[in-house]
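As the structure is a prediction and not an experimental result, all values here were calculated from the model.
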Amino acid sequence: MFSSPFDFLALVLAIVAIAFARKAMSQVAVLRSRLDAIEAAASAARPVTPPLTQLQEFEQTLPAAPQVTPPPLPEVAPVAPEAHIEPSTPSAAPPPLPGPAPGLEETLGTRWVVWIGGLTLALGGFFMVRYSIEAGLIGPAVRTMLGGLFALALLVAGEWTRRKENISNIAALPIANIPAILTAAGTAVAFATVYAAYALYDFLAPATAFVLLGLVALGTLAAALLHGPALAGLGVVGAFVTPILVSSDKPDFWALYIYLAIVTAASFALARIRLWRWLAVTTIVFALLWTFPCLQCGPGMVAPHAFHVIAGFLLAALLVVCGFMLGPGGDGEEIEPISSGSLAAYLFGAVMIVLNSAHADAAMICFALLAAGSLVVAWSAPAAAGAVGAAAAFVFIVFGEWAVRRNVDMLVLPGGAIPGMGPSATDGSVSLHLVSAAVFAAAFGVAGFLAQRRFAATRITVTWAAAAVFTPVALLVALYARIAHLDRSIPFAILAVLLAASFAAATEALARRGERPELSPSIALFATGALASLALALTFALDKGWLTIALALVSAGTAWLSVQRPIPFLRWLAAILAGIVVLRIGYEPRIVGDAVGATPIFNWLLWGYGIPAMSFWVGSRLLRHTGDDVPLRVVESAAVLFTVLLAFMEIRHAVNGGNVYRDTAGLTEVALQVCVTLAMAIGLERLRLRRGSVVHDIGAVLLAVFAGLAGVFGLLGLENPMLWSADVGGSVINLLLLGYALPAVLALLLSYAVAGHRPAAYGNTIAAGALILALAYVTFEIRRLYHGPVLIYGETTGAEQYTYSIAWLMFGVALLGIGILVHSQRARLASAAVIGLTILKAFLIDMSTLSGVYRALSFMCLGIVLVAIGWLYQRILFRRQVTAPTPPPPVPQAEG
């Protein structure tokens with residue numbers, strides 16, 4: 001819009017001058033009223049800085065004004081009125097206003113008619129040939145010649161109209177360019193003529209037809225330089241479709257790929273000259289599609305396929321990649337999608353060749369060359385940095401497929417290996433892959449580290465760092481799976497340790513550059529690589545069951561490292577590792593399968609759950625030093641989960657003889673689960689008061705709820721010895737003590753642990769559960785005394801019913817005494833509940849079932865206890881509430 005910065009400055013100064021002029025006109029009454037709105041509008045359309053002479057003339061006219069006393073105003077520099085402002089240079093003239101949008105008539109007459117006319121010309125040529133064939137007017141040779149002449153005429157007409165427009169300075173319409181449409185129709189007829197001469201009349205040999213069609217396509221691309229993108233699209237489609245039109249019993253892949261290389265070069269050159277991104281993308285897509293059908297011809301044809309992808313890769317690097325060689329100019333350190341995508345596309349073609357050829361040596365060399373080329377191009381042109389990430393992913397795909405598909409274990413049958421099938425573990429292919437893996441790991445690792453100094457943009461440095469970390473680790477895993485067959489391997493463990501040391505050194509070297517905050521993500525990635533390599537070393541060196549332990553220890557190590565090096569990603573890495581360990585036990589809760597062991601407590605569950613639990617507790621404590629966030633809560637959740645699972649799994653293992661997958665649970669197991677759950681809930685309640693963790697808060701509530709459900713449905717329901725046949729054991733030390741008395745005590749302790757820190761209803765509910773369990777224990781113990789270890793057998797006698805009443809009554813009195821001694825209202829209310837239940841039993845059960853002395857004693861004892869309780873409440877509990885009556889005031893005596 002502005003030809004130079006001075007024009008823009010002139011416009012700004014002019015706007016400021018106009019503002020001051022308008023303000024002066026409203027303040028100084030000496031200005032005449034001859035300044036009308038038309039002159040103001042005309043001067044506002046071309047505002048510039050007024051000449052110095054006009055400013056001086058305006059200053060000289062001020063004293064001649066009539067004497068008017070304006071209000072006091074701040075002093076401003078006098079400026080000329082708007083009517084005196086004139087443009088200083090012709091370049092300050094405003095640009096012309098855009099014209100109105102074309103109407104329907106103009107659109108139809110100037111655009112659609114031209115398009116339809118060009119299509120009609122092309123169809124006319126086709127229909128003329130068809131009519132001549134159906135009518136038998138002329139022979140095949142003449143038809144072919146006339147078709148060629150018609151195509152030539154259209155091409156000449158297109159060129160003539162183009163030159164006439166250039167001579168007459170007639171600008172071609174961007175959508176309906178008449179010369180371009182005529183030329184496009186001519187090239188379409190030329191394609192049809194050559195193909196008809198080959199396919200219909202056998203006038204041309206396949207090679208000749210192939211060359212002529214290719215020349216027409218290339219000519220179309222060349223003409224697109226003059227006639228625009230429509231012709232370029234027609235040319236590139238025709239060029240890549242030509243090999244399909246011309247078939248042969250003996251395909252020549254070298255001729256095909258040389259032809260495609262020429263077409264690709266022409267298309268890329270045209271796209272570069274005219275900066276047509278769509279043309280470059282279309283060319284890449286067509287060239288990549290030509291790789292797939294040719295791969296079906298067998299793995300022995302690697303050389304021409306490799307030539308195809310290498311040639312395309314070189315042409316893309318030369319002409320398409322921004323900021324490299326002859327490509328478009330780069331836009332700073334930004335990843336450009338087409339630049340990166342073009343290289344990645346040909347890399348993908350190389351990957352397909354490798355996989356289709358069963359990792360032939362030539363295919364591997366081709367892939368290695370393109371991967372190295374991606375690093376070289378991306379090192380020089382940041383626009384292609386995305387190809388580095390793609391290359392790293394393709395390296396893993398190649399070696400991962402090789403590790404799985406070519407594994408020697410797959411060739412071993414019960415009778416032994418089949419002779420002659422597949423390579424041995426040390427054949428040439430393995431040697432080539434080992435060398436290639438070492439080269440890839442070193443190249444990506446070293447280049448990724450050095451790129452942290454070369455580039456400044458965070459996206460670029462992170463891309464290089466991710467490739468530097470991912471590629472060596474992925475290659476190490478693939479080689480370990482291929483050669484060591486996922487068994488213990490000390491050599492691979494040593495390699496993993498060396499790799500971890502390398503990543504740690506890179507992390508320290510980058511961390512010392514504290515003046516570059518953009519390197520923080522890269523530092524985190526290298527630190528992640530060090531920890532991942534260390535975890536792999538533990539996995540390689542230890543048995544398979546130690547993987548869970550190794551990852552948990554690495555999570556704790558990551559938490560410690562996040563304290564030493566405050567990199568935010570390290571906290572997330574500790575959480576991610578904890579999540580992986582949780583998923584690992586979800587897949588196999590026994591950690592090591594059937595090899596858990598039969599020894600109670602001291603078995604693989606202790607190590608598989610105990611060490612991770614301890615690691616996560618340590619990690620959460622370390623992470624809490626630097627804040628409370630999502631990673632900390634994830635690690636804390638893992639710590640609580642593994643602690644709970646350790647207890648539950650050990651209980652199942654001990655009770656069920658090592659079978660943790662048993663589908664039933666007895667009274668012993670449920671009782672232990674409830675006791676352990678209540679104990680852990682108490683511990684979490686204490687811990688949350690110290691640390692204020694929301695994880696401990698929610699965990700304590702969940703454990704309490706689980707214990708309550710297990711008590712109701714397990715202890716009092718499914719495993720109730722009064723309902724089902726179960727041997728509870730001895731007279732006093734038995735399952736009743738474990739299943740009801742101990743849970744009652746723990747529930748009572750939990751209710752006091754939450755008192756004053758949670759809602760009163762929550763604590764009272766837990767206390768009510770403790771009361772129910774305690775009363776159940778008393779009842780079941782009496783039943784045990786009368787019926788033996790199995791409670792469901794035998795008749796309930798009067799003495800037993802009387803014992804229940806007396807025991808409940810004594811239990812209620814004991815609760816009342818405790819409530820009085822410790823001043824606990826909750827205990828006194830519990831006493832009232834138990835005594836009330838005893839009263840109901842006396843009137844509903846004892847009155848109907850007891851007879852004789854037992855009935856009398858039951859009611860007599862109950863009455864005596866109730867009277868005693870009333871006396872206690874009157875004389876002890878509420879005596880202090882009775883106050884002495886206030887003496888009446890003295891009556892005043894009259895004097896005298």
Side-chain angles (χ1 to χ4, degrees), residues 644-645 647-657 659-682 700-730 732-751 761-796 800-801 804 807-808 811 830 833-834 836-838 840-841 844-845:
V644 173
L645 290 178
F648 285 2
M649 295 296 288
E650 286 286 8
I651 289 172
R652 282 197 64 83
H653 180 275
V655 173
N656 299 307
N659 183 15
V660 297
Y661 284 162
R662 185 177 179 180
D663 55 355
T664 60
L667 178 60
T668 302
E669 181 178 349
V670 176
L672 289 173
Q673 303 282 18
V674 172
C675 291
V676 170
T677 303
L678 290 172
M680 288 188 293
I682 295 172
V701 174
L702 292 178
L703 289 176
V705 171
F706 176 81
L709 294 176
V712 172
F713 294 102
L715 298 178
L716 301 178
L718 297 177
E719 306 299 336
N720 191 334
M722 293 283 286
L723 303 177
W724 313 101
S725 176
D727 190 343
V728 299
V732 178
I733 307 301
N734 50 36
L735 287 180
L736 300 177
L737 185 66
L738 177 66
Y740 299 93
L742 184 57
V745 174
L746 292 173
L748 182 63
L749 293 177
L750 179 60
S751 67
Y762 181 78
N764 292 335
T765 302
I766 298 175
L771 178 63
I772 293 173
L773 290 173
L775 190 61
Y777 172 71
V778 172
T779 304
F780 293 163
E781 275 291 345
I782 295 174
R783 183 78 176 177
R784 167 66 182 79
L785 293 176
Y786 281 93
H787 293 268
V790 182
L791 307 185
I792 62 174
Y793 299 125
E795 181 182 359
T796 304
E800 182 180 347
Q801 287 288 2
Y804 289 141
W808 289 8
F811 182 53
V834 173
L837 182 63
T838 306
L840 289 177
K841 179 180 180 300
L844 296 178
I845 298 177

- Task: Please check if the side chain of R784 supplies one atom and the backbone of G730 the other of a donor-acceptor pair under 3.5 Å.
- Result: yes

Minimal heavy-atom distance between G711 and V674, with the atoms involved, is N-CG2, 4.2 Å

- Query: What do you reckon, is OH of Y661 surrounded by more than 12 foreign heavy atoms closer than 6.0 Å?
  - Reply: yes

Separation between CG (L667) and OH (Y740), nearest 0.5 Å, reads 5.0 Å

Taking every heavy atom of L715 against every heavy atom of P743, the minimum-distance pair comes out as CD1-CG, 4.4 Å

Atom pairs and distances, side-chain donor-acceptor, residues 716-729, under 3.5 Å, sequence neighbours left out:
from	atom 1	to	atom 2	distance (Å)
N720	OD1	M722	N	2.9
N720	ND2	L716	O	3.2
W724	NE1	G717	O	3.1
W724	NE1	L718	O	3.0
D727	OD1	G729	N	3.0

Value for CD1 (I651) from CD (Q673), rounded to nearest 0.5 Å, stands at 4.0 Å

*Let me see the working for V660 and F648 under side chain to side chain contact (heavy atoms under 4.5 Å, CB included), right down to the final yes or no.*
CA-CA 10 Å; V660 297; F648 285 2; over 6 Å; no

Quiz item: Backbone N or O of L737 within a donor-acceptor pair of the N734 side chain at under 3.5 Å?
Solution: yes

Here the salt bridge (Lys or Arg N to Asp or Glu O under 4.0 Å) pairs for residues 663-675, sequence neighbours left out, are R652-E669

Value for CG (L738) from CG (L672), rounded to nearest 0.5 Å, stands at 5.0 Å

With sequence neighbours left out, the residues meeting side chain to side chain donor-acceptor pair (under 3.5 Å) with R783 are H787, T796, E800

Those residues at least two apart in sequence (or on a different chain) that pass side chain to side chain donor-acceptor pair (under 3.5 Å) with T779 are W808

Sequence neighbours excluded, the answer for side chain to side chain donor-acceptor pair (under 3.5 Å) partners of T677 is none

Correct closest heavy-atom pair for Y762 and V701 would be OH-CA, 3.8 Å

Between the CE atom in M680 and the CG atom in L750, the distance rounded to the nearest 0.5 Å is 12.0 Å

Value for CG (L746) from CD1 (I766), rounded to nearest 0.5 Å, stands at 12.0 Å

For G763 and S751 the tightest heavy-atom approach is O-CB, 3.5 Å

Scanning both residues in full, the closest heavy-atom pair of A747 with L678 reads N-CD1, 3.9 Å

Sorted by chain and residue number, the side chain to side chain donor-acceptor pair (under 3.5 Å) partners of Y786 (sequence neighbours excluded) come out as T803

